[in-house]
Amino acid sequence: MSFPLLTATAVLPALGAIATAAVPAARRTAAKWLALLVSLATLALAITVLVRFDPDGSRYQLTESHAWIAEFGVRYELGVDGIAVALIALTALLIPFIVLAGWHDADPLETGSRRWRPTQGFFALILAVEAMVIISFEATDVFLFYIFFEAMLIPMYFLIGGFGDRAHAGSDEKAAAQRSYAAVKFLLYNLVGGLIMLAAVIGLYVVAGNFSLQEIAEARANGTLDMATNTERWLFLGFFFAFAVKAPLWPLHTWLPNAMGEATAPVAVLITAVVDKVGTFAMLRFCLQLFPEASKWATPAILVLAVISIIYGALLAVGQRDIKRLVAYASISHFGFIIMGIFAMTSQGQSGATLYMVNHGISTAALMLVAGFLISRRGSRLIADYGGVQKVAPVLAGTFLIGGLATLSLPGLAPFVSEFLVLVGTFARYPVIGIIATFGIVLAALYTLVLYQRTMTGPVKPEVSAMPDLRLRELVVVAPLVVLLIFLGVYPKPVTDIVNPAVKSTMSDVHKKDPKPEVEAAK
């Protein structure tokens with residue numbers, strides 16, 4: 001039997017989480033290094049998956065299938081297509097940077113009103129989330145996917161509620177109440193979505209008789225499984241609702257600004273750059289593949305919600321006074337672009353949406369982690385408390401600018417290519433939606449440049465006059481992300497070559513072809 005590479009990629013961080021949590025309380029530094037080494041080993045396995053994946057091969061590769069709960073047709077089935085491979089690589093890449101960036105975020109606090117912060121638990125929870133996200137990308141059994149789709153909420157709840165942003169230091173009771181509110185809101189929103197999805201999963205089993213994604217999709221394609229129109233639509237809505245909460249899509253987005261605002265910067269990156277991608281990925285893998293006709297039926301309404309997310313998120317980002325909440329609302333806008341690309345039902349739109357998931361993860365990580373370094377120095381998340389930072393910390397300001405320019409999709413940086421493809425794909429089939437969405441680009445330039453101007457330029461405020469520049473550990477975190485933003489902005493082909501065949505298969509699932517140009521190319 002061949003080596004179970006996909007299982008190993010998910011199990012390694014799970015075992016690392018257990019080992020990290022078991023490190024004695026007095027050995028905090030050892031726990032940090034263990035977590036970092038495990039995350040790097042997981043990255044090595046993810047790279048092996050990437051290398052062994054053949055974009056021109058079968059749709060699902062490196063597959064594993066074992067009986068699990070035979071009485072209910074549940075199997076332990078794993079397999080990856082190009083979209084899953086790209087997102088597994090993104091997840092494994094970001095976790096070591098998250099660990100390094102949060103190196104001191106869970107150290108004991110010496111203020112008398114604060115209790116001990118369990119360092120080992122913080123890093124163990126991060127590895128646990130990584131394991132659950134990776135197996136969610138790998139699962140081709142619907143029930144197996146659902147279990148980990150829901151299970152990742154538990155470690156995320158403790159990361160948000162138990163390890164808050166130190167910018168709140170000095171107001172312990174208020175900070176604890178805000179963290180608790182954000183954590184509970186995150187959990188309730190996602191649990192409600194998950195419970196609705198559970199009903200749809202059970203309904204799918206009643207109709208199909210099993211939970212195998214590939215078997216159900218094949219049966220739909222060859223006509224041996226014929227769902228009634230209303231049944232398919234209700235099942236689609238059950239799945240889509242859960243994914244729209246996770247994504248998040250307006251109006252199910254309100255948990256995200258609270259969660260990102262109250263979490264530490266590395267945990268905020270974990271939320272929006274890693275965990276939320278499971279929602280948009282699942283729309284491609286499950287909604288379109290299992291319910292193609294219902295997906296086409298719901299497309300107009302979903303596109304309207306997506307374009308509302310784009311404009312609404314960008315407008316609220318413009319008006320924010322809190323740095324982290326600004327990034328959160330910007331992410332809501334970006335997720336609107338991703339969902340718009342998925343449901344534009346064009347190959348350009350879906351390729352752009354998948355590429356956007358990868359590029360958004362890198363750009364948001366770069367911007368939010370640098371913002372976290374800035375906040376930890378000043379002890380405030382308020383934009384008004386900064387000014388003139390570029391004169392005292394030029395490297396910090398420069399990396400902050402690159403992250404911001406990537407967020408507004410400046411040509412030459414990675415998100416531009418994906419946003420361009422999404423807009424081209426949307427214009428081809430829904431020109432009015434594409435035109436409205438374009439205003440999100442203008443608003444992105446506004447909130448990004450205003451943020452940079454107010455925090456980094458102008459007179460040096462006394463509170464930031466002694467602010468140190470990025471340290472070596474922080475440079476190790478930020479520099480590779482900046483390099484990736486530039487490299488993928490100039491040469492996105494390595495990612496598009498991997499995802500395009502999977503996108504082609506998804507287009508075939510929904511029986512859609514790209515619309516022909518209205519004007520034929522000149523011969």
Side-chain angles (χ1 to χ4, degrees), residues 6 9-10 13-14 42 46 78-95 98 125-157 159-160 186-187 189-198 200-201 213 238-249 252-253 255-256 259-260 267-290 331-332 334-335 338-339 341-342 353-354 356-362 364-365 499 502 506:
L6 296 185
T9 308
T42 305
L78 306 180
V80 289
D81 60 3
I83 298 170
V85 166
L87 293 175
I88 290 169
L90 171 70
T91 301
L93 173 71
L94 291 181
I95 296 299
I98 289 171
L125 290 169
I126 290 174
L127 292 177
V129 172
E130 179 182 24
M132 294 176 186
V133 169
I134 288 176
I135 202 167
S136 296
F137 291 141
E138 297 172 345
T140 56
D141 182 277
V142 177
F143 191 79
L144 179 67
F145 168 83
Y146 173 78
I147 288 174
F148 290 98
F149 179 81
E150 286 293 277
M152 70 180 70
L153 301 180
I154 304 305
M156 285 306 308
Y157 169 80
L159 283 169
I160 296 168
F186 161 82
L187 189 62
Y189 266 68
N190 284 275
L191 277 178
V192 169
L195 288 173
I196 292 174
M197 181 183 169
L198 177 60
V201 169
L213 171 68
F239 277 76
F240 181 79
F241 183 85
F243 303 151
V245 172
K246 184 85 77 179
L249 178 69
L252 306 171
H253 67 285
W255 63 267
L256 183 65
M260 288 184 66
V267 172
V269 171
L270 189 64
I271 295 169
T272 190
V274 176
V275 172
D276 287 354
K277 298 300 186 299
V278 178
T280 47
F281 163 80
M283 291 178 189
L284 278 166
R285 171 166 280 192
F286 295 102
C287 287
L288 270 61
Q289 194 170 346
L290 293 175
S331 290
I332 291 169
H334 296 149
F335 275 105
I338 294 171
I339 295 170
I342 292 171
T354 305
Y356 212 139
M357 292 185 222
V358 175
N359 292 337
H360 172 263
I362 299 170
T364 298
V499 304
T506 304

side-chain contact (heavy atoms from CB on, under 4.5 Å) assessment of Leu125 paired with Val267: CA-CA 10 Å; Leu125 290 169; Val267 172; over 6 Å; no
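- In plain terms, the two heavy atoms of Ala247 and Met283 that are nearest each other are CB-CE, 4.2 Å.
- The two residues Ile83 and Phe281 make their nearest non-hydrogen contact at CG2-CD1, 3.8 Å.
- Using a 30° and 60° split on the angle between ring planes, Phe286 and Phe243 fall in the tilted class, from 30° to 60°.
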Chi angles and distances behind the side-chain contact (heavy atoms from CB on, under 4.5 Å) call for Phe149, Met197: CA-CA 10 Å; Phe149 179 81; Met197 181 183 169; 4.1 Å; yes
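- Thr272 pairs by the side chain to side chain donor-acceptor pair (under 3.5 Å) definition with Ser331, not counting sequence neighbours.
- The shortest side-chain heavy-atom distance between Met357 and Leu90 does not fall under the 4.5 Å cut-off.
- The heavy-atom pair separating Gly238 from Ala200 by the smallest distance is CA-CB, 3.9 Å.
- Rounding to the nearest 0.5 angstrom, the gap separating the OG1 atom in Thr506 from the CG atom in Leu288 is 6.5 Å.
- The two residues Glu150 and Asn190 make their nearest non-hydrogen contact at OE2-O, 3.7 Å.
- The two residues Val499 and Gly82 have their closest heavy-atom pair at CG1-O, 3.9 Å.
- Residues Ala151 and Pro155 share a closest heavy-atom pair of O-CD, 3.2 Å.
- Counting non-hydrogen atoms of other residues, nucleotides and ligands closer than 6.0 Å to CZ of Phe241 gives a total above 12.
- At least one side-chain heavy atom of Thr9 sits less than 4.5 Å from a side-chain heavy atom of Glu138.
- Note that CG of Leu144 is 5.0 Å distant from CD1 of Ile135, once rounded to the nearest 0.5 Å.
- For the pair Val269 and Val274, the minimum side-chain heavy-atom distance is 4.5 Å or more.
- Interatomic distance, CG of Leu256 versus NZ of Lys246, reported as 12.0 Å (0.5 Å rounding).
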Verdict with reasoning, Val129 to Leu159, per side-chain contact (heavy atoms from CB on, under 4.5 Å): CA-CA 10 Å; Val129 172; Leu159 283 169; 4.2 Å; yes
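- The CG atom of Leu187 sits 6.0 Å away from atom CG of Leu153, with the distance rounded to the nearest 0.5 Å.
- One distance of note links CD1 of Ile196 with CG of Leu191; it measures 11.5 Å at 0.5 Å rounding.
- Using bins of under 30°, 30° to 60° and over 60° for the plane-to-plane angle, the ring pair Tyr356/His334 lands in the tilted bin.
- Here the straight-line distance linking atom NZ of Lys277 with atom CD1 of Ile338 works out to 5.5 Å at 0.5 Å rounding.
- Arg285 places a side-chain N or O within donor-acceptor distance of the main-chain N or O of Ala139, the cut-off being under 3.5 Å.
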side-chain contact (heavy atoms from CB on, under 4.5 Å) between Val245 and Trp255, worked out: CA-CA 9 Å; Val245 172; Trp255 63 267; 4.0 Å; yes
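- With hydrogens and angles disregarded, a donor-acceptor distance shorter than 3.5 Å links the side chain of Tyr146 to the backbone of Gly194.
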